[in-house]
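Numbers here simply count residues along the sequence, with the first being 1. This structure is a prediction, so every number in the text was calculated from the model and none was measured.
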Amino acid sequence: DKMLKSQRGNALFLILIAVILFAALSYAVTPSSRTGGGDAGRETKLISSAEITQYPAAVKTAIVRMVINGVTYEGLRFDGPSTFAALAGIEEQGVFHPSGGAAAYVTASPDVMVGGTAGTWYFNPYYEVKDIGTSDAASGDGNEFIAFLPGIKQAICKRINEELGLGTTVPTATSIDNDNTGIKRTWDAANAVASIPTETAIIGSGATTGAALSGQVAGCFQAGAGGANDYVYYQVLVER
């Protein structure tokens with residue numbers, strides 16, 4: 001009888017501990033309930049910004065594996081599944097190809113895009129970032145491989161910069177191309193040339209290239225006058 005009472009006591013103690021832990025967890029993950037509703041919009045922006053910033057990190061991991069296996073930076077190709085045929089014979093160079101980096105090829109959630117439709121990521125080595133890696137204005141030797149996501153919402157753009165310690169101001173970078181010959185162009189089998197070209201512009205180098213982004217491996221800038229594709233997130237994949 002004493003043993004049964006002891007067992008019941010232990011069980012009640014464990015249940016009490018479980019209830020306390022559950023209450024603590026609920027308290028930690030529901031800050032809005034403690035502040036009269038909180039700022040649900042702010043929390044949503046935080047989740048959305050995390051979605052954007054985490055994806056390039058996975059792509060970078062795939063690139064590291066490829067380079068270790070002998071693929072040169074110049075040989076990287078970012079063809080999506082619909083154009084895998086262009087990688088015939090060089091499949092190991094495809095970042096998203098199963099025989100290459102096997103990175104997931106995804107689009108950005110419509111929730112973070114100005115147009116309300118899935119956003120397209122672009123990957124290219126046409127730019128370098130000031131104070132990241134080495135600089136070489138006379139050639140493409142200092143160009144970084146960068147992931148770009150044009151067309152995100154202004155509020156998300158501001159939230160990303162805030163989280164990165166850049167404040168809520170979105171730097172203006174009108175010298176960074178935001179068309180099919182610049183940001184919106186992917187280094188794939190169709191567009192790749194024999195060597196990486198001299199940079200189109202150096203991000204963070206001046207007033208028209210987002211000076212506040214100097215030394216920043218990631219950030220958000222305004223490429224134009226606030227149009228649908230003008231708010232652009234970038235993240236360096238390869239520092240060169």
> Specify whether Phe84 and His97 have parallel, tilted or perpendicular ring planes, treating 30° as the upper limit for parallel and 60° as the lower limit for perpendicular.
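Taking His97 first and then Phe84, their aromatic rings sit tilted (interplane angle of 30° to 60°).
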> Please work out whether the ring planes of Phe148 and Phe221 are parallel, tilted or perpendicular, with thresholds of 30° and 60°.
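Ring orientation, 0 to 90° scale: perpendicular.
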> Check Leu166 against Ala218 and note the closest heavy-atom contact, atom names and distance.
CD1-O, 4.4 Å
> If I compare all heavy atoms of Pro171 with all of Gly210, which pair ends up nearest, and what's the gap?
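Result for this residue pair: CB-CA, 3.8 Å.
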> Looking at every heavy atom in both Gly215 and Ile132, which two are closest together, and how far apart are they?
O-CD1, 3.4 Å
> For Ala104, is there any backbone N or O sitting under 3.5 Å from a side-chain donor or acceptor partner on Tyr55?
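Checking the backbone N and O of Ala104 against the side chain of Tyr55, a donor-acceptor pair under 3.5 Å is found.
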> So how far is it from Arg77 CZ to Thr186 OG1, rounded to the nearest 0.5 Å?
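If I round to the nearest 0.5 Å, the distance is 12.0 Å.
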> Give the intermediate values and the outcome of side chain to side chain contact (heavy atoms under 4.5 Å, CB included) for residues Tyr234 and Ile183.
CA-CA 10 Å; Tyr234 80 90; Ile183 290 172; over 6 Å; no
> Between Glu162 and Lys158, does the salt bridge (Lys or Arg N to Asp or Glu O under 4.0 Å) criterion hold? Intermediate values first, please.
CA-CA 6 Å; Glu162 183 180 5; Lys158 289 182 176 181; over 6 Å; no
> Checking side chain to side chain contact (heavy atoms under 4.5 Å, CB included) for the pair Ile146/Val236: CA distance, chi angles, key distance, verdict?
CA-CA 4 Å; Ile146 302 175; Val236 174; 4.3 Å; yes
> Working to the nearest 0.5 Å, report the span between OH of Tyr73 and CD1 of Ile196.
10.0 Å
> To the closest 0.5 Å, what do you measure between CZ (Arg159) and OG1 (Thr53)?
11.0 Å
> Going through the checks in order, is the side chain to side chain contact (heavy atoms under 4.5 Å, CB included) test met by Ile152 and Ile160?
CA-CA 11 Å; Ile152 68 174; Ile160 288 173; 4.2 Å; yes
> Between Phe96 and Phe123, is a ring pair (Phe, Tyr, Trp, His ring centres under 6.0 Å) present by the stated rule, with each step listed?
CA-CA 12 Å; Phe96 302 108; Phe123 309 87; 5.5 Å; yes
> Hey, mind stepping through Val95 and Phe145 against side chain to side chain contact (heavy atoms under 4.5 Å, CB included) and telling me if it holds?
CA-CA 12 Å; Val95 174; Phe145 272 86; over 6 Å; no
> Does some side-chain heavy atom of Phe78 sit less than 4.5 Å from a side-chain heavy atom of Tyr105?
no
> Verify, without hydrogens or angle tests, whether Lys153 (side chain) and Asp111 (backbone) share a donor-acceptor contact under 3.5 angstrom.
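Yes; judged by distance alone, with no hydrogens or angles, the pair exists.
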> Testing the basics here: between Gly204 and Ser214, what is the closest heavy-atom pair and its distance to 0.1 Å?
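In terms of heavy atoms, the two residues are closest at O-CB, 3.5 Å.
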> Which pair of non-hydrogen atoms, one from Asn143 and one from Thr198, has the smallest distance, and what is that distance?
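Where Asn143 meets Thr198 most closely, the heavy atoms are ND2-C, 4.1 Å.
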> Measure the CG-CD1 distance between Leu213 and Ile202 for me, rounded to the nearest 0.5 Å.
13.5 Å
> Quick one: list whatever passes side chain to side chain contact (heavy atoms under 4.5 Å, CB included) with Ala86, sequence neighbours left out.
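Side chain to side chain contact (heavy atoms under 4.5 Å, CB included) check on Ala86 returns Asp79, Ala189.
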> Under 3.5 Å, which donor-acceptor pairs link side chains of residues 113-121 to any protein atom two or more places apart or in another chain?
none

> Between atom NZ of Lys184 and atom CG of Leu149, what is the distance when rounded to the nearest 0.5 Å?
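Atom-to-atom, Lys184:NZ and Leu149:CG are 10.5 Å apart.
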> Hey, could you give me each pair passing salt bridge (charged side-chain N to carboxylate O under 4.0 Å, His left out) that has a residue in residues 231-240? Not counting sequence neighbours.
Glu74-Arg240
> Answer whether the closest heavy-atom distance between the side chains of Asn161 and Thr168 falls below 4.5 Å.
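With C-beta onward as the side chain, the pair stays apart.
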> Do Gln93 side-chain atoms and Gly75 backbone N/O form a donor-acceptor pair below 3.5 Å?
yes
> Do you know the tightest heavy-atom contact between Ala223 and Val232?
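That closest heavy-atom pairing would be CB-CG2, 4.2 Å.
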> For the atom pair OG (Ser99) and CD1 (Ile90), what is the distance rounded to the nearest 0.5 Å?
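These two atoms lie 12.0 Å from each other.
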